[in-house]
Amino acid sequence: VTASVTVPAVGAAETPAAALSRLLAETPEPATTKVGVERARRLVLDTATGRRGSGRIDGWTVLQLGRSSPAIHEPFRPTPARCRRAIGLRAVRAGMTGRFPTPITAVDAVLDDVARRAIDGTPMPWWGAWWRALPPPAAALVRAEAITWATRLWFALEWERLAAGRSVIGHFGKWRPPGAAAPVLRASADVVWSTDDAGVAGTAPRPDARRPAIRRAAALLVGSGACPPRWSTWLAWPALVAALASAERPTWGRVVGWWPDSGQVRVLDIDDDALGEAAGVLSRVRSPGRCAVVSPGA
Amino acid sequence: MRVTQSMPEVRTVVPARPGDVLAVLRGGAAPRPVVDLEWSRGLRELLVDAAGIAGGPAAAEPVVLADLGAGENVERAASAPRGHDGAGASPSDGRAAADPLLGALVGTVFRLVVTGVPLREPFLDALHGMAVAPHGARLVAAVRQLPEAARRALAVAVAEQGRWLAQIWPPLDPRWAPTTGEALVMPLAGGRLVVTGRVDLGLGLPPRATASRCFVAVSADRPAPLVWERLWVAAVVETIRSGEPPFQLVVVSTGQRTASSMALDCDAVQWAAARLSDRIEAVVRRGGGAARPNASLAAGPPDVRVVA
């Protein structure tokens, strides 16, 4: 990846939350071009053509490449660690409405909602039935994991600083290449922040209506453990999927990776080379059909 | 730079009611450390220097140093050798202090209590909880393989300690942002050396101007010095990852029915970092300068392992 790859400098008086918020709010305009997106699309299609199976490839799959972990071949089953992100994202999203003052109350509201859906018979999230079937102590540990995860994201950003734009908590992208046998590309980002040149996405009038608005968007991905060696590919993956899925010019200018366990932060400014790097990773997935066992979205 | 040479003062109380624990968690009136990111970077450099001798050919897998709290309890419990009769130590003969199964189960009970779950049968509650945790299946299997008498004794010990916890633990204000099972990771030497940990309970918001977090460890089975050692490592990692040391460390000993606290200042964290630095350097030297994948560092301390 020849894009701007940096370990951001944090000012002496800047807290980690201030630094992360600044990195999102100061995202550059997207440096990707239509030619670059088309090149990445062709690379994906060339790689996907002739693949057997209709599996899907997501950021988790990308993260497993180059690792000796056999987890990629294991069937997916929910665990507290796998559910915490899904529950936590819903909780933070609920918290941003202002209805819940703390991560704990927001997580409890999410879990109460699932319990209510089980009674009403309305559709539940993918982890809902599993969670409901757990003995109470095990269900409580899932709740505890979700609270810890949600608390970290809740306080990771200075949300008031991001109020000038639109924050989407839990963004899920998908692109299905033409052809039934090709794997579906999926990607998620924990926060996607966007703005237009008027400062307020989609609401405020642009200063010059004759000039098309330049939308800027940045994504935050929350990792676990320490930053992996292939972090730039992991960060580029959701930008690639967003670019392929978008009929318009891509808007993601930057993807920020944050590993709260270690406090590490990595920044990838998205350009054509970054998309190409992410598209090239498909050639390393030997059997996309077996990659169906990936962590589902929330 | 002035470095405190002796262990910071530890205050121990025998809590009888939730208010006693609450007073411990709130801490004393001592001024809290001021957030200083430049200083925390200096701490990191100290550790980077210690790990620097790990230079040379990059190892295929990192050396992982330490593991704090319940996670390690589970791993120890699942692999702990049992007595000749297949039983671990019995809770009544004093050897229970070394039984990692007890530590893992009480650690789970602590997490349930902290998150406000009413205990019914602490032993069964802990087993149910552990069943969905990482390594939980191995732990549950290890408990099932115990002879009846040993299993019954373990259940009694977990029930006694769990009920004591439920009796003295206060409900926590959600505004304290309590987090349980929080992982800490500090990669050094380009990721060839990784210091990891997990605290049973973290309280307080991320840094603004002064230190605001408190780390709590629960100990059912470990000697106090080992528990403190691991909390000090956690304090150093927290300082480096967030720029702010915890203002206080607390050990809740369910075996001894005590709650001990240690107020931290920058000197104390510096002291802990120096200890960790010595330990890292010793481990790396014993390991021959570079990690060997899939092999144990035979001469290293018992809590050093190579990730397989």
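Lettering follows sequence order; numbering is per chain, from 1. Source: prediction; values computed, not measured.
- Interface remark: B:Val117 contributes side-chain atoms only to the contact with chain A (heavy atom separation under 4.5 Å).
- Side chains of A:Leu141 and B:Leu112 form a contact here, defined as non-hydrogen atoms less than 4.5 Å apart.
- Using a 4.5 Å cut-off between heavy atoms, B:Pro187 touches chain A through its side chain atoms alone.
- Residue pairs that meet the side-chain hydrogen bond (donor to acceptor under 3.5 Å, both in side chains) test with at least one member in residues 115-131 of chain B, sequence neighbours left out, do not exist here.
- In this structure, no portion of A:Ala81 lies under 4.5 Å from any heavy atom of chain B.
- With rounding to the nearest 0.5 angstrom, the CZ atom of A:Phe155 is 10.5 Å from the OG1 atom of B:Thr179.
- Under the 4.5 Å side-chain criterion, counting only non-hydrogen atoms from C-beta, A:Glu145 is in contact with B:Arg111.
- Only the side chain of A:Pro135 has a heavy atom closer than 4.5 Å to any heavy atom of chain B.
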Does the pair B:Leu184 and A:Asp261 meet the rule for a side-chain contact (heavy atoms from CB on, under 4.5 Å), with working shown?
CA-CA 5 Å; B:Leu184 299 108; A:Asp261 293 350; over 6 Å; no
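- Although no hydrogens or angles enter the test, the distance criterion places a donor-acceptor pair under 3.5 Å between the side chain of A:Thr148 and the main chain of B:Thr180.
- Residue with the most contacts toward chain B among A:Ser262, A:Pro101, A:Gly263: A:Ser262 (heavy-atom pairs, distance under 4.5 Å).
- Heavy atoms only, all atoms of each residue included: A:Ala226 and B:Val185 are closest at CB-CG1, 3.7 Å.
- In terms of heavy-atom pairs under 4.5 angstrom with chain B, the leader among A:Pro136, A:Ala18, A:Ala144 is A:Ala144.
- Judged purely by atom type and a 3.5 angstrom limit, B:Arg241 uses its side chain to pair as donor or acceptor with the backbone of A:Pro260.
- The part of A:Thr102 that comes within reach of chain B is its side chain, from C-beta onward, which places non-hydrogen atoms under 4.5 angstrom from that chain.
- For B:Ala183, the parts sitting under 4.5 Å from any heavy atom of chain A are the backbone and the side chain alike.
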